Amino acid sequence: MPFSRSINIVGCHAEGEVGDVIIGGVLDVPGKTMFDKLVHFETKKDSLRQLLLNEPRGRASMNTNLVLPPCDPRADAGFLIMESEEYAPMSGSNIICTTTVLLETGMIPMKEPVTEVALDTAAGLVTVTAECKAGKCQSVEFDNVPSFVLELDYKVNVPGIGEVTVDIAYGGMMYLLVDAASLGLGVCNQQARQLVEIAERIKRATEAAYTPVHPENSGIKGFSVLEFTEPLKLEDGVKVAPNAVVVSPGRFDRSPCGTGTCARLAVMHSRGQIQEGEVFKHRSILGTEFSSRIRGTTKVGKYSAVLPTVKGRAWITSFKQVVLDSTDPFPEGFRVGDQWHMPPN
Ligand SMILES: O=C(O)[C@H]1NCC[C@@H]1O
């Protein structure tokens, strides 16, 4: 066999966002925590992420999750999240995909009508409740890690744009939140290219001025995602808002974005726009929804934090075996600027 790698993957998407799940072909790595394992892959084994997410096997708008044994004895499984430019500590669409795959393939036994699962992530233990019927996960709800605001109304000078007002919040990933209307834009597909371009410029300008660091894990720092927001509206008495999250290196999240929902909940709570227990529906660029609420409050270092719960759905799309031929000239794949946002030289 000329293959130097052979990896078993279940294809999946959560409300539009691809979160494939590796279920075989990759061995565990050392680490006392899932964050240690994340660092191990990032520093020693990043070729796996490159192989699967770059072309010709991957594309800009996808993620891959790697199921591993957990480090926390309370967890049923561990998993790491590979995105185009980083290993995310946590991710909403990806935990929904991973739970769906673990239960629908029987890697974790499904109990109907409800299966409770604890998953070990690089951001900490996350408990998940799946509603299940006839072998299918009808919904997946996760209790995310504490989410908090680092800055409200932070001003950043963006070359070619001028002063932009951003909120900075953690929802399992570090977010910049920007009101699209403050830039004369709206969250819509027609303005997608412009939004992505502007988001990357705001991200670079903010990075040059401010480094957000998680107070309990200094390894979680820097920005990777920017969320364009629109004001809250009421639909049948429920708070709803569309959003577009720009994931590095520059493309929209297809889902309503779970960690972005948690960052938005933290911002809304600190602005007095939402109370504990109230439902907030976050809508994606495709019109799909995550339903969320704040289940409590806590502290993270000096920051007041909310405990967010988010619910969505996922669907398996394929069962595939990805291989690397040992003579393939692109063992880590490649990127071309017509499809990928290329970082400046
Ligand atoms: O749902 C989320 O949290 C995300 N979806 C892709 C990018 C983020 O990780």
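This structure is a prediction, so every number in the text was calculated from the model and none was measured. As the structure lists them, so they are numbered: ligands from 1, and atoms in each ligand from 1.
- When atom types are taken as modelled, the side chain of Arg293 and the backbone of Glu278 share no donor-acceptor pair closer than 3.5 angstrom.
- Checked against a 3.5 angstrom limit, the closest N/O atoms of Thr259 and ligand 1 fall inside it.
- Classification of the His282-Phe280 ring pair by plane angle, with boundaries at 30° and 60°, yields tilted.
- For Tyr303 and His214, the distance between ring centers is not under 6.0 angstrom.
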query = Is there a side chain to side chain donor-acceptor pair (under 3.5 Å) between Tyr175 and Asp167 once you walk through the steps?
reply = CA-CA 8 Å; Tyr175 275 85; Asp167 296 328; over 6 Å; no

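- Of the heavy atoms in Cys257, both backbone and side-chain atoms come closer than 4.0 Å to ligand 1.
- At a 3.5 angstrom cut-off on N or O pairs, Gly258 counts as close to ligand 1.
- Under 4.0 angstrom from ligand 1, the non-hydrogen atoms of Asp253 all belong to its side chain.
- Polar contact check, Glu17 against ligand 1: no nitrogen or oxygen pair lies under 3.5 Å apart.
- When each of Val21, Leu52, Val101, Asn65 is paired with Ile9, the side-chain contact (heavy atoms from CB on, under 4.5 Å) condition holds for Leu52 and for no other.
- With hydrogens left out, the protein atom closest to atom 9 (O) of ligand 1 is Glu83 OE2, 2.6 Å, a heavy atom.
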ask   = Can you list the steps and then say if Glu85 with Arg251 is a salt bridge (Lys or Arg N to Asp or Glu O under 4.0 Å)?
value = CA-CA 11 Å; Glu85 288 297 332; Arg251 58 96 179 171; over 6 Å; no

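- Residue Ser93 has at least one nitrogen or oxygen atom sitting less than 3.5 Å from a nitrogen or oxygen atom of ligand 1, judged on distance alone.
- The distance criterion of under 3.5 Å between nitrogen or oxygen atoms is not met by Met173 with respect to ligand 1.
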